[in-house]
K.L.:
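Got a structure for you, written out below as structure tokens; questions coming shortly.
None of these values were measured; they are calculated from a predicted model.
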Amino acid sequence: MIDPNLLRENPDAIKASQRARGNDESLVDQAVAADAKWRKAIQEFESLRAEQNAAAKLVGAASKEERPALIAAGQVMAEKVKAANEIADAAQKHLDEIIWKIENVVIDGVPAGGEENFTVVKEVGTKPKFDFEAQDHVALGESLDIIDIERGTKIAGSRFYFLKGWGARLELALMNMALDYASKNDFTALITPTLVRPEVMAGTGFLGEHADEIYYLPADDLYLTGTSEVALAGYHRDEIIDLSNGPLRYAGWSTCYRREAGSAGRDTRGILRVHQFNKLEMFSYIDPANSEAEHAKLLAFQEAMLQACELPYRVIDTAAGDLGSSAARKFDAEAWVPTQETYRELTSTSNCTTYQARRLNVRFRNAEGKTQTAATLNGTLATTRWLVAILENHQQADGSVKIPTALRPYLGGQEFITAPKARA
RNA sequence: GGAAGCGUGCCGGAGCGGCCGAACGGAACAGUCUUGAAAACUGUCGUCGUUAAUAGCGACCGUGGGUUCAAAUCCCACCGCUUCCUCCA
């Protein structure tokens, strides 16, 4: 939810943001009008209520003879208060409806426009040149016997897979390396629930336009989370957190579930786009004044991980129209996928400023001792999808895959993944 | 799954339908005392909204409804927690 004070003080800033996103600008004027209407209604209700409260007190103090008249007057008063209350409630509901539709105000510098209007911030690393026919991760996974898509599909349907042997170990190694790295950088590890209640799902903003992306269990009225961000954002819901010693940082590990309803036929090959994967997610609660610096930090952590995996990548600044409703700015890091000859998203980091925290009612005490809405940021530190880039970029002429040096300690020192010897 | 009990402020814990935003205790913060600290004493001490306002006023005692002139207190539903039994990785 946007800051109502900004709506009153600088509606033009919100309009500019709506324009950059390609959203409806007129919502802002509607919201301003609805806000004025609500304030008028709430004032009327409150003054009537004050009258009623005063009158009700008199009844208690009155003598037996005086009471009936006072109670009769009170009944009339109660009707008026009820009516005023209904008007105020309706005005507030109307205002809420409009204000919820307004997405977070984008940060200056975010490119305007849609998905294709991103700007490339940087390109890092050297794309591999193979003097042999490069295999994609599916072929590698099969020949090395580390990804079993056929059997995944057999037991759970399309977009499911088994990670096997070194494949399974590689994923755990990646997660562990990421967790180590995060822990060294002030993030507290959290293993989160992956089933949450409707109000948490709605509160984190995932039940909006992406509702059909989410698995739902009607028998229990629970949702399967598509990212631990849901639990991490809900973690401090309705709390006044202590940021006096700096930001609160969490590294949430969870399995993620996505229906991929809108992407039928897209990326059907391999494990690039699947219904179930694992992810280590960074999440920061911070004073909004420092949110942009924190955002840069999260991005730097992601880059450090990509570099540790020796992957060529680029960073893009996502265009306003391609941001989620909560994000004020988003950077994606995309790794080079040789067989696709293109960059594919491996990480994403969003600065949600106070938008998400306001909805979740997460506040902190500022230097003056007053409560203030916190800012939240999130960013991927590792996911199953990284295996695609690791396998493809580090494949060798003999069909084996070289394990990045930084990952080896998590794999018992193993240097290469080689095809298993044929069984007798 | 069966049975009982409970949900009040940072924590513990009172609360008769009007005098309750809420006793009391602890914690925290500020001050006095002290070379300093502890102890003791004094004071401050919930959140949100409205408003120019740290003035007033309004809302909030798990959540949502209801009864009443008036609800933390009565009624209903929901959610959660605890204990016991059953089951179980």
K.L.:
Pick the P atom in U8(B) and in A23(B), then give their distance to the nearest Å.
P.N.:
16 Å
K.L.:
Scan R363(A) against the nucleic acid and name what it touches under 4.0 Å (heavy atoms): base, sugar-phosphate only, or nothing.
P.N.:
sugar-phosphate
K.L.:
Does D145(A) come within less than 4.0 Å of K164(A), counting only side-chain N to carboxylate O?
P.N.:
yes
K.L.:
Would you mind checking if R385(A) and E345(A) are paired as a salt bridge, meaning a charged N to carboxylate O distance below 4.0 Å?
P.N.:
no
K.L.:
If you measure from the Lys or Arg side-chain nitrogens to the Asp or Glu carboxylate oxygens, is any gap between E25(A) and R19(A) under 4.0 Å?
P.N.:
yes
K.L.:
Using a cut-off of 4.0 Å on non-hydrogen atoms, how would the nucleic acid contact of R8(A) be classed: base, sugar-phosphate, or nothing?
P.N.:
sugar-phosphate
K.L.:
Test of understanding: with ring-ring contact (aromatic ring centres under 6.0 Å, His included), list the residues that count as partners of H94(A), not counting sequence neighbours.
P.N.:
none
K.L.:
Under 4.0 Å, heavy atoms only, any strand: does A78(A) hit a base, just the sugar-phosphate, or nothing?
P.N.:
sugar-phosphate
K.L.:
If the C1' atom of G13(B) is compared with that of C6(B), how far apart are they to the nearest Å?
P.N.:
14 Å
K.L.:
In dot-bracket notation, what is the pairing pattern of RNA chain B, taking Watson-Crick (N1-N3 plus N6-O4 or O6-N4) and G-U wobble (N1-O2 and O6-N3) contacts under 3.5 Å, with [ ] crossing and | for other strands?
P.N.:
((((((((.[[[..)..(.....]]].(((((.......))))).(((((.....))))).[[[[[..)....]]]]])))))))....
K.L.:
Please list, in 5' to 3' order, the outermost nucleotides of RNA chain B lying under 4.0 Å from any heavy atom of chain A.
P.N.:
G18(B) to G80(B)
K.L.:
Distance between the P atoms of C11(B) and G46(B), in whole angstroms?
P.N.:
14 Å
K.L.:
Can you check the distance between C20(B) and G58(B), where both ends of the measurement are the P atom (answer in whole Å)?
P.N.:
15 Å
K.L.:
Rounding to an integer number of angstrom, what distance separates C33(B) and A40(B) when you compare their C1' atoms?
P.N.:
9 Å
K.L.:
Work out how far the C1' atom of U54(B) is from that of A70(B), and round it to whole angstrom.
P.N.:
31 Å
K.L.:
Do E103(A) and Y355(A) pass the side chain to side chain donor-acceptor pair (under 3.5 Å) test, and can you show the C-alpha distance, the side-chain angles, and the key distance before you say yes or no?
P.N.:
CA-CA 8 Å; E103(A) 303 188 306; Y355(A) 192 89; over 6 Å; no
K.L.:
Relative to the 5' end of RNA chain B, which residue comes earlier, E51(A) or I42(A), by the nucleotide with the nearest heavy atom?
P.N.:
I42(A)
K.L.:
Give a yes or no on whether a salt bridge exists between R39(A) and D35(A), defined as a side-chain N under 4.0 angstrom from a carboxylate O.
P.N.:
yes
K.L.:
Can a salt bridge be assigned to the pair R159(A) and E260(A) using a cut-off of 4.0 Å between side-chain N and carboxylate O?
P.N.:
no
K.L.:
With rounding to the closest Å, how many angstrom separate the P atoms on A4(B) and A77(B)?
P.N.:
15 Å
K.L.:
How close do G152(A) and F162(A) get, heavy atom to heavy atom, and via which atoms?
P.N.:
N-CD1, 3.5 Å
K.L.:
Starting at the 5' end of RNA chain B, which residue's closest nucleotide do you reach first, K57(A) or S47(A)?
P.N.:
K57(A)
K.L.:
When you compare G2(B) with C78(B), how far apart are their P atoms, in angstrom units rounded to a whole number?
P.N.:
14 Å
K.L.:
So what does I71(A) touch, heavy atoms closer than 4.0 Å: a base, only the sugar-phosphate, or nothing?
P.N.:
base
K.L.:
Students often mix this up, so state it plainly: with edges at 30° and 60°, are the rings of F301(A) and F187(A) parallel, tilted or perpendicular?
P.N.:
perpendicular
